[in-house]
Every structure is written in structure tokens, then in C-alpha cells.
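I have placed the structure first, in the form of C-alpha cells, so that the comments after it can refer back to it.
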Amino acid sequence: MGAILPVFPLGTVLFPGLVLPLHIFEERYRTLVRDLVASTGDEPHEFGVVTLRHGSEVLSPDAEGEPPADEPPVVAGQLYEVGCTAELRQVTELPDGRFDVVTVGRRRFRMLSLAAGPQPYLTAEVEWLHDEEAADETARLLAPRVLTAFRTYLDLLRPDSEVLDQVPDDPTVLSHLVAATAQLTTDERQELLAAPDTASRLRAELRILNREAGLLAKVRAVPVPLSDLARPVSPN
């Protein structure tokens, strides 16, 4: 029997150690925040962030109340299996009952099944996925290579911006930072989140960063004249 965790489907991938601010406006998720704040005990006040494969679980911020009654509920097949818990660090209740919260990614999990419960928000049975407490020798050797590739990638992507000033020493923290910062597809982020260990994640990131840097270098090497961009498109 796995742990039961409240889950929040989102269109983003959360990684351990990364900050995720949220504006909570739907009543079911207001209830989730209130339940977490009211909970007692030594455990962190956290909920699971799971990424939607498509669509949107939350209403637009302009919408009021709950989704239409005839809207089908989210099912497991719409969600990626691996997620990350978000620990509440700051909660600000607004006059209309909405919340602005600041969360930090804490620990990875695999969703085993959605669990039925009395709460209006989703809950799931999960198993925890743990990175090794100390990165192994392979991860320590890969980390500086990934950092060099990451600096090159950022410099090509945003040549006028400052490249990383402060770099984490821990290979696991670095692997999560790269995964969250690089411009990747949702599938790529999910694969990195689900990597079995830090070395596997760093190895995949090195391959992705080298690929992306090569593509960016080619784009920069063949500039398109502005006059060409201004020409009308020919129907032929």
C-alpha cells in the first residue's frame, strides 16, 4: 500500500529544489490549501504536482467556481506517472478567498493510481522515488561536463544575458536545475524527472544540451536578412 497524496494537475513539470509560485482560485484547490495549512504534525505541508499530458485541469483565472458538472473528471491516463511534491513555504490569503502561494519542489514520486476520497480535489496512491543520498563517482565526473555544456547552451540562447553566476556544487541539484531551466519539451522534462539516478539524468542532459547547442549555433551562423522577412509570401 503506497502513501496517499493530494495531487494538483498542472501543465508544468516541477523538480526538487525549484520554486513554483501558484495563484489558487478554484474552490477545490482553495480547500486543498486550507487543509494543508490546518494539518498538524511534523510532516511538511506538501501536495503532489503531476503534469497533464494534454488539456488543462484548472480553470482560467477569470472563471468562477468549479468546472461544469458535465465535464469529465481527470483520469490517470491523462497524467504522467512521475511527479514531484510541492511544499508550501508561503501562503497569502486574498480578500476574496483566493490564495497566492509559494512552493518548493521537495521529493519525487510515481503515481500508482488515483484514489477516491471525500475531498473535492484529486488524491493518488504514490510510491516515493529517491535519488541517492550522495552522488556516485559517475555523476561527479559528469557534472562539470554538463555545466560546461549548459553554459555554452545559455550563451547561445541568450548571448546578451548573464550566464549562471552561482552554480550548485551538488550534481543532483545541478541535474534538476538544468532540467528545469533548459528549453525542453514536456516529454523531455518528464524523462529527466523520472530518471532512475543522478548519473542517468546528467548523461541525458549532456546529450540534449550538445544537440541543442549545435542547432542554435547553426541558426546563428546563417542569419536571415530582414529584407527577406519583409517580402510578401508568394502563393506559388
Side-chain angles (χ1 to χ4, degrees), residues 2-3 5 10-21 44 46 48-53 79-87 89 102-112 126-221:
L5 183 72
L10 288 175
T12 188
V13 183
L14 178 63
F15 288 87
L18 275 295
V19 175
L20 176 65
E46 61 184 341
V49 171
V50 288
T51 307
L52 285 157
R53 294 183 180 274
L79 304 169
Y80 286 93
E81 291 182 355
V82 176
C84 178
T85 63
E87 181 181 352
R89 291 292 181 87
V102 177
T103 71
V104 176
R106 184 166 180 263
R107 50 181 174 166
R108 300 181 304 140
F109 62 87
R110 175 174 285 105
M111 191 173 64
L112 302 176
V126 305
E127 62 178 359
W128 302 112
L129 303 177
H130 298 288
D131 278 307
E132 61 276 19
E133 292 186 4
D136 62 17
E137 183 64 22
T138 301
R140 287 193 294 270
L141 291 173
L142 283 168
R145 295 176 59 192
V146 169
L147 179 57
T148 298
F150 191 40
R151 288 185 183 277
T152 300
Y153 165 80
L154 289 178
D155 188 51
L156 288 166
L157 188 66
R158 297 186 291 271
D160 297 329
S161 65
E162 294 184 3
V163 183
L164 293 174
D165 291 327
Q166 295 184 343
V167 180
D169 295 328
D170 185 275
T172 301
V173 177
L174 174 64
S175 74
H176 291 148
L177 176 63
V178 171
T181 306
Q183 293 189 353
L184 307 176
T185 66
T186 300
D187 282 343
E188 286 173 329
R189 291 192 199 280
Q190 279 294 148
E191 288 175 6
L192 293 174
L193 180 65
D197 51 51
T198 298
S200 299
R201 188 177 304 111
L202 289 171
R203 192 177 292 110
E205 288 170 345
L206 185 60
R207 182 178 65 254
I208 291 171
L209 291 171
N210 286 335
R211 179 198 71 196
E212 292 300 305
L215 292 173
L216 287 169
K218 288 181 180 179
V219 171
R220 290 182 61 186

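- The aromatic rings of Phe109 and Trp128 lie perpendicular to each other, with more than 60° between the two planes, well past the 30° mark.
- Residues Ile208 and Leu184 have side chains in contact (heavy-atom distance under 4.5 Å, counting atoms from C-beta outward).
- Side-chain contact between Ser175 and Val146 is absent, with no heavy atoms from C-beta onward closer than 4.5 Å.
- When all heavy atoms are compared, the tightest approach of Ala180 to Phe15 is CB-CD1, 3.9 Å.
- With Arg145 contributing its side chain and Leu206 its backbone, the two residues share no donor-acceptor pair below 3.5 Å.
- Closest approach of Val82 to Gln190, counting heavy atoms only: O-NE2, 3.1 Å.
- Across all non-hydrogen atoms, the minimal contact from Ala195 to Arg108 is O-NH1, 3.0 Å.
- Counting heavy atoms from C-beta outward, Tyr80 and Val13 have side chains that stay 4.5 Å or more apart.
- Here the OG1 atom belonging to Thr172 is positioned 12.5 Å from the CG atom belonging to Leu177, to the nearest 0.5 angstrom.
- Residues Val49 and Cys84 form no side-chain contact, since every pair of their non-hydrogen atoms from C-beta on lies 4.5 Å or further apart.
- When every heavy atom of Ala149 is checked against every heavy atom of Asn210, the shortest pair comes out as CB-OD1, 3.9 Å.
- Arg211 pairs by the salt bridge (Lys or Arg N to Asp or Glu O under 4.0 Å) definition with Glu188, not counting sequence neighbours.
- The pair Glu87-Arg107 does not meet the salt-bridge criterion, since no charged nitrogen lies less than 4.0 angstrom from a carboxylate oxygen.
- Between Arg203 and Leu142, some side-chain heavy-atom pair lies under the 4.5 Å cut-off.
- With hydrogens and angles disregarded, no donor-acceptor distance shorter than 3.5 Å links the side chain of Ser200 to the backbone of Pro196.
- For the residue pair Thr51 and Gly11, the shortest heavy atom distance occurs at CG2-C, 4.2 Å.
- Side-chain contact check for Leu157 versus Leu216: some heavy-atom pair is nearer than 4.5 Å.
- Side-chain contact between Thr103 and Val19 is absent, with no heavy-atom pair separated by less than 4.5 Å.
- In this structure, Arg201 contributes its side chain and Leu192 its backbone to a donor-acceptor pair below 3.5 Å.
- Minimum heavy-atom separation, Leu14 to Gly105: CD2-CA, 3.8 Å.
- The distance from atom CG of Asp169 to atom CZ of Arg140, rounded to the nearest 0.5 Å, is 13.0 Å.
- For Gln183, the CD atom is loosely surrounded, since the number of other residues' heavy atoms within 6.0 Å does not exceed 12.
- Once rounded to the nearest 0.5 Å, the distance linking CZ of Arg110 with CG of Leu193 reads 10.0 Å.
- In this structure, Arg189 contributes its side chain and Ala179 its backbone to a donor-acceptor pair below 3.5 Å.
- A 4.5 Å side-chain heavy-atom check between Leu52 and Leu10 finds every atom pair outside the cut-off.
- Within the 3.5 Å criterion, the main-chain N or O of Ala199 finds no donor-acceptor partner in the side chain of Thr138.
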